[in-house]
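So the structure is just underneath, and the comments pick up after that.
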Amino acid sequence: MWGGRFSARPDQIMEAINASIDTDKRLAEEDIAGSKAHAAMLAKTGVITPADAKAIADGLDKVLAEIREGKFQFSKALEDIHMNVESRLKEIIGEPAGRLHTARSRNDQVALDFRLWVKSACGMRMEQIVTLQKALLAQAESHAESVVPGFTHLQTAQPVTFGHHMLAYVEMLERDRTRFADAIARMNESPLGAAALAGTGFPIDRHMTAKALGFDKPMNNSLDAVSARDFAIESLAAVAICAQHLSRLAEEIVIWSSAQFGFVKLSDAWSTGSSIMPQKRNPDAAELVRAKSGRAIGSLVQLLTIMKGLPLTYSKDMQEDKQTTFEAFDALDLSLQAMAGMISTMTPNVERMRASASSGFSTATDLADWLVRELNIPFREAHHITGAAVKAAEQAGCALPDLPITTLKSIEPRITEKVFAVLTVDASVASRQSYGGTAPVRVREQIAAWKQKLSA
Ligand code: ARG
């Protein structure tokens with residue numbers, strides 16, 4: 001394609017380091033869509049004849065069919081997807097194929113293909129996020145009243161409802177979803193027609209190709225158009241953040257499904273056994289989701305590093321943008337699907353969760369709040385009194401609600417029997433009705449709102 005001024009073939013290693021076809025063959029659909037839009041525009045503006053445009057479009061359809069059927073012979077010598085497609089087009093239609101690359105360069109071509117790919121991948125991840133949100137929502141609905149220990153420092157803090165905990169992830173995922181939407185909105189401008197870097201002298205219509213390819217408008221600056229990869233970086237940031245959120249849920253599943261916690265049981269379909277220890281049910285998928293976040297985060301750092309310090313406009317460094325981006329999106333693809341599968345089929349053990357929530361003096365704050373509310377004791381002092389009650393319970397080897405009233409009275413004489421009503425885990429969660437709180441009434445409201453939002 002560019003051999004005119006060369007008399008010798010590239011070194012084998014040159015070819016190996018230069019070729020990107022093994023990676024960028026994934027851009028075949030986008031490449032052909034872009035070429036078809038470009039050819040139609042060239043005909044409309046009179047740069048090529050309608051007959052040539054038709055031959056090009058029909059030929060590209062044949063190439064695409066070959067690729068889809070797996071019959072296409074990808075060649076490393078032809079470097080990348082752009083030259084592989086064009087070369088095959090030439091074999092099929094002959095001379096008109098050579099007119100397709102008028103007023104275009106591989107620089108705007110690859111910027112276009114990659115942008116189209118990232119945009120569509122963001123859209124697919126958004127749909128998968130909704131599927132996972134729905135799975136979490138279904139668990140939330142089944143367990144709006146189920147009590148679990150809420151943790152800080154992984155130490156029992158206060159009882160919460162399992163539904164509330166599920167909805168925390170629904171919220172996180174919604175921010176993840178809209179981060180992709182924001183990235184799409186910003187990347188929705190076409191680089192096609194920037195040509196090599198400076199634009200072109202041909203009377204092209206960039207608005208026409210932008211519209212045909214689903215963009216809002218053409219990018220304003222040709223130099224920026226071929227140089228910009230922030231659309232991919234921003235999307236990788238969205239991927240990395242989402243993967244990091246999933247890693248936290250994955251970690252919780254690993255903890256919850258351990259014999260020591262026993263809060264949830266993963267279905268057989270989402271557990272693996274051990275070849276030596278028959279009792280094992282390992283949460284491998286959760287562990288892998290936890291680990292795959294490393295890949296996503298790595299990809300973001302990798303692309304930032306590749307792009308850092310590059311002068312305008314195109315440099316070959318930028319060819320390394322694709323593999324890492326594909327890997328991150330693929331990792332998130334599997335992670336979102338695996339997580340939806342695990343969540344929708346896992347069985348929470350309500351009794352275990354409740355027993356655990358009742359241990360660890362989880363309602364100590366409720367006792368302190370009662371002292372403030374009923375006896376008008378300042379919170380700091382109430383905290384101190386409660387500390388003494390916890391110590392007494394610890395020494396007696398019982399839970400807070402099981403302390404004899406005489407013991408409580410010996411700590412603070414004004415305490416009455418009425419205090420026991422607030423020391424159960426159910427009373428505790430039911431009382432936390434502040435907006436965004438864990439009380440079942442608030443959780444049910446949120447579930448109703450999310451159901452409406454996610455079905456819209
Ligand atoms: N394979 C190249 C890439 O992915 C396409 C653009 C090549 N442009 C060039 N001037 N060599 O970046």
Side-chain angles (χ1 to χ4, degrees), residues 1-6 9-11 13-35 37-38 60 63 67 72-90 97-98 100-121 187 190-200 209 213 219 221-233 235-236 299 302-330:
M1 295 281 169
W2 40 258
R5 64 170 294 204
F6 288 79
R9 282 197 53 79
D11 188 276
I13 300 299
M14 175 64 212
E15 206 167 277
I17 196 172
N18 202 35
S20 57
I21 186 62
D22 287 344
T23 299
D24 62 28
K25 62 178 158 200
R26 279 182 75 166
L27 297 177
E29 301 269 344
E30 290 79 8
D31 194 70
I32 288 172
S35 288
H38 183 65
L60 285 170
V63 176
I67 291 172
F72 191 94
Q73 292 288 329
F74 291 101
S75 151
K76 266 209 164 69
L78 290 167
E79 270 186 51
D80 56 24
I81 186 64
H82 324 297
M83 300 214 280
N84 268 270
V85 168
E86 194 182 321
S87 161
R88 180 71 188 124
L89 181 67
K90 181 114 194 273
L100 169 60
H101 213 50
T102 315
R104 187 177 76 168
S105 147
R106 275 189 295 156
N107 296 347
D108 59 338
Q109 191 176 356
V110 74
L112 170 72
D113 295 1
F114 192 33
R115 201 173 269 257
L116 285 171
W117 189 94
V118 171
K119 188 178 146 190
S120 123
M187 80 175 79
S190 172
L192 186 61
L197 74 165
T200 175
T209 47
L213 292 164
M219 291 176 79
N221 183 299
S222 64
L223 304 176
D224 178 42
V226 294
S227 304
R229 292 295 183 272
D230 56 285
F231 68 89
I233 294 170
S235 306
L236 285 180
S299 288
Q302 194 176 343
L303 189 53
L304 281 166
T305 312
I306 288 167
M307 295 305 297
K308 178 192 168 297
L310 288 189
L312 302 188
T313 56
Y314 180 84
S315 295
K316 195 73 173 206
D317 309 52
M318 290 158 72
Q319 178 165 284
E320 297 280 314
D321 58 2
K322 286 173 277 304
Q323 188 177 355
T324 195
T325 303
F326 292 160
E327 280 173 0
F329 272 94
D330 288 349

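Remember, it's 1-based here, ligands and their atoms both numbered in the order they're listed.
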Quick one: does Thr313's side chain have a donor or acceptor within less than 3.5 Å of a partner on Ser227's backbone?
no

If the criterion is any heavy atom closer than 4.0 Å to an atom of ligand 1, which residues make the list?
Ser20, Asp24, Asp80, His82, Arg106, Asn107, Val110, Tyr314, Lys316, Gln319, Lys322

Are the charged groups of Asp330 and Arg26 less than 4.0 angstrom apart, N to O?
yes

Any donor and acceptor pair, going by atom type alone, linking the side chain of Asp24 with main-chain N or O of Ile81 inside 3.5 Å?
yes

What I want to find out is whether Lys322 reaches Glu30 closely enough, with some N-O distance under 4.0 Å, to be called a salt bridge.
no

Just so I know, are the side chains of Lys119 and Phe231 near enough to count as touching, which here means a heavy-atom distance under 4.5 Å?
no

Does the side chain of Ser190 reach to within under 4.5 Å of the side chain of Leu112, using non-hydrogen atoms?
yes

